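These numbers come from the heavy atoms of this one structure, side chains and all, not from hydrogens, waters or symmetry mates. No experiment lies behind these values; they were computed from the predicted model shown. Read the numbers this way: they start at 1 and go in the same order the structure lists the ligands and their atoms.
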Amino acid sequence: MGDTESEGPMSDRIFMSKAHITDAEEEAVRRAIRSGWVAPLGPEVDAFELEVADRVGVKGALALSSGTAALHLALLELGARPGTAVVVSSMTFAASANAVAYTGAEPVFVDSQKTDGNIDPELLFDAIDTLHAEGTEVVAAMTVDLIGRTCDYNTLEAGLAERGVPLLEDAAESLGSSIAGRAAGSFGRAAALSFNGNKIMTTSGGGMLLSNDEQLLERARYLSTQARQPVAWYEHTEIGYNYRLSNILAAIGRAQLGRLDEMIARRRDIRKQYMRAFSGLDVRFLGTADTEGEQIENCWLTGIVLGDSITRSPDDIVASLSEAGIEVRRLWKPMHLQPVFANARAFTNGASEHLFARGLTLPSGSALTDSEVERVITALLNNFESPLSDQATR
Ligand SMILES: *Cc1c(COP(=O)(O)O)cnc(C)c1O
């Protein structure tokens with residue numbers, strides 16, 4: 001969602017989640033360049049790791065070139081390899097499932113809760129029990145905090161512990177969110193963050209692996225630098241990867257982290273404007289804008305599900321808004337419906353399919369002005385309220 005378009009140059013087009021860059025980031029880049037550290041290591045990287053670990057409340061962090069790289073290394077550390085299985089939420093961006101495929105392990109997809117699209121814990125446990133009964137080793141369960149709403153980890157942790165399956169949290173969309181006072185990115189054996197250009201905060205491209213297991217992080221750090229042995233020459237006993245984050249990009253990340261709460265507050269404010277505008281309509285919001293209670297969301301993207309009485313199709317709405325210069329997209333297409341994973345196993349209940357059929361994500365970037373949000377609301381209201389006009393001509 002927004003992976004290519006949202007990174008486009010300035011125009012009066014309204015993007016779904018455009019990077020929000022200010023003088024603070026520009027100053028940080030200048031500082032990093034002047035320090036002479038123009039490399040995938042350096043003081044900005046070290047400080048960025050400490051600051052994010054501190055923010056999320058985990059023991060350590062490893063800054064990487066992408067969130068996908070963080071997932072890949074975490075899976076390798078959990079023992080993902082050919083002949084093993086990883087159960088993963090079907091309702092996600094392809095990166096979650098691709099990381100499993102890189103290791104040679106079999107991705108097994110699990111469907112969603114109807115309410116928020118997050119993984120259905122009971123179905124997840126069914127999947128694991130079925131695989132175990134067949135004698136398959138399940139090396140990890142990968143959950144995804146969908147568009148910024150943290151999964152039900154109380155239930156998940158208990159059920160996974162009972163089954164001896166480690167949890168890997170894909171928190172690429174949920175930095176800054178929490179459930180029952182515990183921060184997204186702090187759950188499981190390890191968690192992955194993404195700092196891609198369209199995420200809640202960005203380094204233009206980057207990611208981070210978080211964990212309380214310092215040994216896991218050290219191993220991942222070694223694999224991320226071509227698995228180079230600590231000797232005076234280039235010595236390698238394993239296949240490694242080139243996955244480190246550059247010092248200059250880490251400087252952008254530190255400036256963004258300093259503004260994270262402010263950016264979240266703005267996204268929450270935008271979500272509230274949508275909620276007010278659509279309150280009388282047959283439209284359901286995928287999360288809340290609450291600032292207290294169990295679930296505190298970072299409001300990365302505001303997702304809505306159209307009720308049956310809205311007769312204009314999501315595709316027509318996307319096309320109509322695009323013509324008005326506004327980027328709206330359908331929710332993630334579930335992995336078990338993707339051609340590339342056509343042969344993968346899936347435990348389904350219809351929930352993610354429904355969310356894909358009827359769901360949309362709205363422009364949510366913290367740099368949007370009130371008048372831009374108004375433009376989006378007006379365009380959407382026109383679509384919601386003029387049902388059959390252009391369907392008749394199709
Ligand atoms: C963005 C995203 C990723 C991948 O992050 P990159 O930094 O783009 O590699 C992984 N999982 C989910 C759910 C994402 O939204």
Between K199 and E173 (salt bridge meaning N to carboxylate O under 4.0 Å), is one present in this structure? no
Under a 4.0 Å threshold between the charged nitrogen and the carboxylate oxygen, would R13 count as salt-bridged to E327?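 No salt bridge links E327 with R13.
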Contacting atoms of ligand 1, where contact means under 4.0 angstrom from a heavy atom of [X]:
X: S194; result: 1 (C), 5 (O), 6 (P), 7 (O), 8 (O)
X: A172; result: 2 (C), 3 (C), 10 (C), 11 (N), 12 (C), 14 (C)
X: T92; result: 13 (C)
X: V144; result: 13 (C)
X: G206; result: 7 (O)
X: S66; result: 7 (O), 9 (O)

Heavy atom under 4.0 Å from ligand 1: found in A95's side chain, backbone, both, or neither?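 Just the side chain.
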Does D170 approach ligand 1 within less than 4.0 angstrom via side chain, backbone, both or neither, non-hydrogen atoms only?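 For D170, the contact with ligand 1 is made by the side chain alone.
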Under 3.5 Å, is there a donor-acceptor pair between the S90 and D111 side chains?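 The answer is no; no qualifying pair exists.
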Verify the neighbour count for atom CD of E238: are there more than 12 heavy atoms of other residues, nucleotides or ligands below 6.0 Å?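 It does: E238 CD has more than 12 such atoms within range.
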Step through the shown structure and confirm whether more than 12 heavy atoms of other residues, nucleotides or ligands are within 6.0 Å of CD on Q215. no
Tell me, please: is S96 in heavy-atom contact with ligand 1, that is, under 4.0 Å?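 True for this residue.
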Below 3.5 Å, N or O to N or O, backbone or side chain included: is there any such pair between W300 and ligand 1?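 Between W300 and ligand 1, no N or O pair is found under 3.5 Å apart.
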Output yes when a side-chain donor or acceptor of T92 lies under 3.5 Å from a complementary backbone atom of S89, and no otherwise.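 Not at all, since once roles are kept as given, no pair shorter than 3.5 Å links the two residues.
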If I compare all heavy atoms of T202 with all of A19, which pair ends up nearest, and what's the gap?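 Distance-wise, the nearest heavy atoms are CG2-CB, 4.0 Å.
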